[in-house]
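Encoded as structure tokens, the structure appears first; notes follow it.
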Number of protein chains: 2
Amino acid sequence: MDASFLYHISKASGCGLDKELKEDYSNIMKLSNYTKIFKALSNEQRLKIFMMIYKNCCSPEGSKIGAGIRIKGESCCPVGGSMEKAFTKICDCMNLSRSTVSHHFKELQNAGLITCEREGQVYRCRVNKDVIDSIKDFMK
Amino acid sequence: MDASFLYHISKASGCGLDKELKEDYSNIMKLSNYTKIFKALSNEQRLKIFMMIYKNCCSPEGSKIGAGIRIKGESCCPVGGSMEKAFTKICDCMNLSRSTVSHHFKELQNAGLITCEREGQVYRCRVNKDVIDSIKDFMK
DNA sequence: CTTAGTATTCTAAAACAATCGAACCTCAGG
DNA sequence: CCTGAGGTTCGATTGTTTTAGAATACTAAG
């Protein structure tokens, strides 16, 4: 569990980690970052959403996250890229209202798992692999 | 992660899935199994408890789970063994009532993360490493 | 048999999370 | 300027989680 992890998370989740904390990072601080991630993945709908994004953004050959999860229609971007129209496409294959999906997106962003941006009508969405790595690292 | 898993996901998410994938789904690792595990780890108190158990039961050299978390007094069992008096010791260093700690233990057991057994007054507790491996595997 | 220690179960309160529909905002095209 | 498509925010509802305390049960020791 290292400081770089904290940096990524705090950056991604926008929860600003100040200098002192990076130096002397308390267990509480560290733990809450992990619990945030676990919480984001602890809801079945949200996990599905995350897997769809993962699958469409960065699923390499043999990757398991997102395996078997399809977005209606074909993938919209090359592996490794960001996913366009993520929101609309995911709404189309989830049985949830748009406001609920919006909420789940925000939770995933808040945990630092994904990054989203809108440019006019283009909604782009990207998986933050560093965070996934940090979980794997945590599990070592 | 096997085809059965895929079946469940696609079924649950309402997304298309090829026929051949539906075939065998006997060894199910459902999506809900993963959310269960993530949920168990999504509470800060519970994650702390889990880390203490991990740290005291099976922390190998270089392991990160449980790093920095200490149970008052010295470790109660050799590395790799089960942790005795886990309940009492953890109660002693958490600021929670016994009933709450008991509840958290049950959640961890329910997620399959730990196994506990009582033999008379000896409460033995052990981390289920397979589950941790399955998470790492999931994250691949 | 009584007492102290250990853990669980039950109940209830408070806090939190998931979800929807409605209202809203923003941009692109007629 | 109007309209529609794509997202977000708000408020309400319903369900779940966290937590403590009291009652209970088991066991070891006196």
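Chain A is the first sequence line, chain B the second, and so forth, proteins listed ahead of strands; every chain is numbered from 1.
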Q: Determine the contact category for B:H103: base if any of its heavy atoms lies under 4.0 Å from a base atom, sugar-phosphate if only primed atoms, P, OP1 or OP2 are that close, otherwise nothing.
A: base
Q) First contact, last contact: which nucleotides of DNA chain D are these for chain A, 5' to 3', heavy-atom distance under 4.0 Å? A) D:dA5 to D:dT9
Q: For A:M94 and C:dA18, give me the distance from atom CE to atom C1', rounded to whole Å.
A: 12 Å
**Q.** Whole-Å gap separating C1' (C:dA18) and NZ (A:K48)
**A.** 13 Å
**Q.** B:R118 side-chain proximity, nearest of C:dC20, C:dT9, C:dT6
**A.** C:dT6
Q. Tell me: CZ of A:F87 to P of C:dT26, nearest whole Å?
A. 17 Å
Q: Starting from C1' on C:dA17, measure out to CG on A:L108 and report it in whole angstrom.
A: 14 Å
Q. Under 4.0 angstrom, heavy atoms only, what part of the nucleic acid is B:Y123 near: base, sugar-phosphate, or nothing?
A. sugar-phosphate
Q | Flag side-chain contact, heavy atom, 4.5 Å: B:F138 against B:S134 | A | no
Q. Rounded to whole angstrom units, what separation is found between the NZ atom of B:K89 and the P atom of C:dG5?
A. 17 Å
**Q.** A:R46, nearest nucleotide to its side chain (from C:dT9, C:dA18, C:dT19)
**A.** C:dA18
Q. So how far is it from A:L113 CG to A:K36 NZ, rounded to the nearest 0.5 Å?
A. 11.0 Å
Q. Taking OP1 and OP2 of C:dT9, is either one under 4.0 Å from a side-chain nitrogen or oxygen of B:K106?
A. yes
Q.
Does B:T88 reach a base, just sugar-phosphate, or nothing at all? Heavy atoms under 4.0 Å.
A. sugar-phosphate
Q) Quick one: A:E119 CD to C:dC27 P, roughly how many Å, whole number? A) 12 Å
Q | Gap between atom CZ of B:F50 and atom CD of B:E107 - 0.5 Å precision | A | 14.0 Å
Q) In whole angstroms, how far is the P atom of C:dT8 from the CD1 atom of B:I90? A) 12 Å
Taking only distance into account, with no hydrogens and no angle test, what donor-acceptor pairs under 3.5 Å do side-chain atoms of residues 96-105 of chain B form with protein atoms, sequence neighbours excluded?
residue: B:S97; atom: OG; partner: B:S99; partner atom: OG; Å: 3.2
residue: B:S97; atom: OG; partner: B:T100; partner atom: N; Å: 3.2
residue: B:S97; atom: OG; partner: B:T100; partner atom: OG1; Å: 2.9
residue: B:H104; atom: ND1; partner: B:R46; partner atom: NH1; Å: 3.3

Q) NA contact type, A:E107, heavy-atom cut-off 4.0 Å: base, sugar-phosphate, or nothing? A) nothing
Q: Kindly indicate whether the side chain of A:N110, heavy atoms from C-beta on, has any atom under 4.5 Å from the side chain of A:K106.
A: no
**Q.** B:I135 side chain near B:F38 side chain, heavy-atom distance below 4.5 Å
**A.** yes
Q.
Check this for me, if you would: do B:D92 and B:K89 make a salt bridge, where the nitrogen-to-carboxylate-oxygen distance has to be below 4.0 angstrom?
A. no
Q.
Would you say B:S102 places a side-chain N or O within less than 4.0 Å of OP1 or OP2 belonging to C:dT8?
A. yes
Q: Round to the nearest Å and state the distance from B:F38 atom CZ to C:dA17 atom P.
A: 18 Å
